[in-house]
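Counting starts at 1 for both ligands and their atoms, in listed order. All values derive from a computational prediction rather than experimental measurement. Any value given below was found using the heavy atoms of this structure, including those in side chains, with hydrogens, waters and symmetry copies removed.
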Amino acid sequence: MTIDQNTKLYGIVGYPLGHSLSPTMHNRAFAAAGLNAVYLAFETKDMDGCLKGVRALGICGMSVTIPYKTAAISHLDEVDELAQAIGAVNTIVNDDGRLVGYNTDALGALKALEEKTRLSGKTCLLVGAGGAARAIGYILKERAVELKVANRSPQRGEELAEFLDCPYIALDDLEVANADILIQTTSVGMSPHENNCLIPENILREAMVVMDIIYNPIETKLLKMAKDRGCRTINGLGMFIHQGAEQFRLWTKLDPPREVMTRAVMQALMKRT
Ligand SMILES: NC(=O)c1ccc[n+]([C@@H]2O[C@H](COP(=O)([O-])OP(=O)(O)OC[C@H]3O[C@@H](n4cnc5c(N)ncnc54)[C@H](OP(=O)(O)O)[C@@H]3O)[C@@H](O)[C@H]2O)c1
């Protein structure tokens with residue numbers, strides 16, 4: 001593509017951003033859709049300044065990631081109902097100067113799960129109590145899934161359990177957490193620490209659905225163990241592509257080119273290994 005005076009600018013704000021595959025995924029999607037648009041990584045400790053820049057420069061849309069998903073809310077003119085309820089935004093649309101916040105993590109995770117399993121009436125153990133766990137827990141509760149939360153820090157775990165109106169379980173007591181679905185939402189097991197895993201092997205039962213939202217590596221140690229124990233597994237790539245596809249739809253009002261986006265991310269991950 002040729003960058004010219006009409007090129008629309010999008011980006012991601014977070015710190016650190018070295019690992020992010022969002023620029024690769026979105027630039028390939030813009031190109032595939034024939035859009036005169038470019039997506040850059042803005043790694044910054046100055047989120048306030050960055051969002052002032054979005055307004056001043058007319059940047060058309062932003063992804064928001066760790067550690068700004070909650071803090072960004074107070075800088076926006078409007079926040080959609082789902083993001084407001086979750087208390088975190090991962091997407092900003094610049095609508096003619098009005099910055100509007102959305103959360104596509106929740107929908108991304110939901111779509112990835114629904115591709116593999118029916119949710120209604122199931123029990124789910126959420127491991128982790130950070131922003132991703134909050135988004136996933138909220139949308140699963142809306143789908144009548146019975147939740148349990150486990151987390152390293154009891155305070156954060158208990159807070160999320162209270163928000164979701166469900167039991168909190170200490171990480172040491174996971175044996176008692178009988179669940180149909182287990183979703184690993186912490187950063188434990190992410191590259192370069194792919195030999196780490198928080199979940200004891202003996203709690204993984206055949207026919208259990210095990211999802212790890214980490215997508216680098218695509219198959220985490222947890223997912224390898226779960227496969228060996230006869231569980232159905234879901235890696236983090238599906239959630240990542242679905243949340244990115246929803247961002248593309250919000251920014252461009254076009255159908256997202258999911259296959260192109262998936263291929264771009266897979267190729268980038270393969271280059272890293
Ligand atoms: N696939 C996707 O589309 C997608 C989307 C969003 C996020 N993610 C991934 O999900 C992970 C979490 O993101 P987040 O936004 O929820 O982050 P976050 O808000 O910072 O929460 C991090 C969570 O990980 C736990 N944790 C971190 N280090 C730990 C350790 N050494 N032992 C035990 N627990 C530990 C934290 O426990 P404490 O409360 O005890 O600190 C907390 O529950 C990241 O790896 C991120 O890349 C993937």
Are any non-hydrogen side-chain atoms of Trp251 and Lys8 less than 4.5 angstrom apart?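 Contact flag for Trp251/Lys8 side chains = no.
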
Should the heavy atoms of other residues, nucleotides or ligands under 6.0 Å from CD of Glu146 be counted, would the total exceed 12? no

Got more than 12 heavy atoms from elsewhere within 6.0 Å of CZ, Arg258?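 Yes, the 6.0 Å shell around CZ holds more than 12 heavy atoms from other groups.
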
Centre-to-centre under 6.0 Å for Tyr15 and Tyr68, is that the case here? no

Quick check on side chain to side chain contact (heavy atoms under 4.5 Å, CB included): which of Asp212, Ile234, Leu140, Leu147 does Ile183 satisfy it with?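 When Asp212, Ile234, Leu140, Leu147 are each tested with Ile183, the side chain to side chain contact (heavy atoms under 4.5 Å, CB included) holds only for Leu140.
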
Let me see the working for Asn6 and Asn36 under side chain to side chain donor-acceptor pair (under 3.5 Å), right down to the final yes or no. CA-CA 7 Å; Asn6 297 316; Asn36 185 358; over 6 Å; no

Need the list: ligand 1 N/O atoms against protein N/O atoms, distance under 3.5 Å, rounded to one decimal.
| from | atom 1 | to | atom 2 | distance (Å) |
| --- | --- | --- | --- | --- |
| ligand 1 | 1 (N) | Ile213 | O | 2.8 |
| ligand 1 | 1 (N) | Gly236 | O | 3.1 |
| ligand 1 | 3 (O) | Phe240 | N | 3.3 |
| ligand 1 | 16 (O) | Gly131 | N | 3.2 |
| ligand 1 | 16 (O) | Ala132 | N | 2.8 |
| ligand 1 | 19 (O) | Gly131 | N | 2.9 |
| ligand 1 | 19 (O) | Arg156 | NH2 | 3.3 |
| ligand 1 | 31 (N) | Arg152 | NH1 | 3.3 |
| ligand 1 | 37 (O) | Asn151 | OD1 | 3.3 |
| ligand 1 | 39 (O) | Asn151 | ND2 | 2.9 |
| ligand 1 | 39 (O) | Arg156 | NH1 | 3.1 |
| ligand 1 | 40 (O) | Arg152 | NE | 3.0 |
| ligand 1 | 40 (O) | Ser153 | N | 2.9 |
| ligand 1 | 41 (O) | Arg152 | NH2 | 2.9 |
| ligand 1 | 43 (O) | Ala129 | N | 2.9 |
| ligand 1 | 43 (O) | Asn151 | OD1 | 2.8 |

